[in-house]
There are 2 protein chains.
Amino acid sequence: MLEINDAFNSDHNHDHCVSGALDNAKVICQESGQRLTPIRELVLRLVWSSHKPLGAYELLPALADAGFNSAPPTVYRALDFLHQLGLIHKIGSLNAFVGCSNPEHPHPSAFMICRECKTAAEIETSELQESFNRVANTHGFQLEEENIELLGLCSDCRGSES
Amino acid sequence: MLEINDAFNSDHNHDHCVSGALDNAKVICQESGQRLTPIRELVLRLVWSSHKPLGAYELLPALADAGFNSAPPTVYRALDFLHQLGLIHKIGSLNAFVGCSNPEHPHPSAFMICRECKTAAEIETSELQESFNRVANTHGFQLEEENIELLGLCSDCRGSES
DNA sequence: AAATGTATTGTTATAATATAACAATAATTG
DNA sequence: CAATTATTGTTATATTATAACAATACATTT
Ligand SMILES: [Zn+2]
Ligand SMILES: [Zn+2]
Ligand SMILES: [Zn+2]
Ligand SMILES: [Zn+2]
């Protein structure tokens, strides 16, 4: 199991994360015949402004700054759209959204999340799927979706504990 | 990885689940020097009234029926108390709480959850811990808590799909 | 038992998150 | 262009959760 982005490495070139995410989004929208409207693209950019999951209500002021006088339903619609295309993941324990690092290959939501700085690093869980499939099959459960959250303290925040 | 309760077997003796949960709670409160007050015990009973996670606001009317004229803070306090002792788990994607089937041995929250009937069956994930520890160690992440949710359709609900 | 301190619950108000319902506009299609 | 569909705007409200302070119950010490 591996981290699939550099979220915990504060030296990484984050512009590269953002431009990659936008490129991916355009391709995926194209392929699925969906439109990446200005609002949707902006919401995606905002979600990708860091590796810290953002709540819908944190996006609203940023949308306003960009000249969109949007209300909650508009933000939730954009988030739903991006979520359905697998461009973002929802972190249930935070009620917040974070960009997906590998949307070209649909996969479960799985993250390490720092309780201090809130940074969420996506992890790759293919090695766990066999176990999950086994327990599901054993009980006749049709597995459709997975949310995996590993919560704790990232390396940076461990250093600066009180 | 195994299911650690019979949530998906509607024929199981659920009174046994409830009485076991209450017995466990009394022992655990005793051992930790905490008080299982009437409200806390009732909230635990209500959470255990089925294997479907319940939200705080679903508990309020049931508390009222039992003669407690409680407001949200009281319910949340009782839920927090039970959660801290490991007697219940929170299902992040549902904003709801469900009884823990094995509180004597503290462990991560891990469930199969039916999107149709909402039944949540706790699963045992010790075989996954090595993978989780490995990814955490690799990135200097201090793992403290885990939320694992497998979402889909239970066997009963697969049968009665439209 | 009375006094004191702590834990628990009551109470009111409000914050934070999310959706319903319908209107207006923009984009696409025929 | 007209008709249709998709997207966004708008208002209102539902749902989930917590802050702040008062009152009460319980435990501990004297
Ligand atoms: Zn980045
Ligand atoms: Zn951190
Ligand atoms: Zn049961
Ligand atoms: Zn079901």
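Values reported hereafter were calculated over all heavy atoms of this structure, with side chains retained and with hydrogens, waters and symmetry mates removed. In what follows, every chain begins at residue 1, and chains take the letters A, B, ... in the order their sequences are listed.
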Selection from dT9(C), dG9(D), dT7(D) that lies nearest to any side-chain heavy atom of Thr37(B): dT9(C)

Integer-rounded Å distance: dT8(C) C1' and Gln84(B) CD: 14 Å

Close side-chain approach of Ser155(A) to His139(B), heavy-atom, < 4.5 Å: no

Integer-rounded Å distance: dT15(D) P and Leu60(B) CG: 13 Å

Distance, rounded to the nearest Å, where Phe81(B) contributes CZ and dA7(C) contributes P: 13 Å

Atom-to-atom span, CZ of Phe68(B) to P of dT11(C) - whole angstrom: 13 Å

Phosphate contact (dG10(C) OP1 or OP2) by Thr74(B) side-chain N/O below 4.0 Å: yes

Ser93(B) side chain near Phe111(B) side chain, heavy-atom distance below 4.5 Å: no

Whether over 12 other heavy atoms sit under 6.0 Å from Gln129(B) CD: yes

Integer-rounded Å distance: dT8(C) C1' and Leu79(B) CG: 15 Å

Where protein sits on nucleotides 12-30 of chain C, one letter per nucleotide: B base, S sugar-phosphate only, - none, heavy atoms under 4.0 Å: B----BBBBB-----S---

Short N-O contact, Lys52(B) and Glu58(B), less than 4.0 angstrom: no

Interatomic distance, His83(B) NE2 vs dT16(D) P [rounded to whole Å]: 17 Å

Rounded interatomic separation in angstrom, taking CD from Gln34(A) and C1' from dT8(D): 16 Å

Rounded distance in Å - CG (Leu54(B)) to P (dT16(D)): 11 Å

Qualifying residue, where the test is side-chain hydrogen bond (donor to acceptor under 3.5 Å, both in side chains) with Arg115(B) and the options are Glu145(A), Glu144(A), Gln142(A): Glu144(A)

Parallel, tilted or perpendicular: rings of Trp48(B) and His14(B) (30°, 60°): tilted

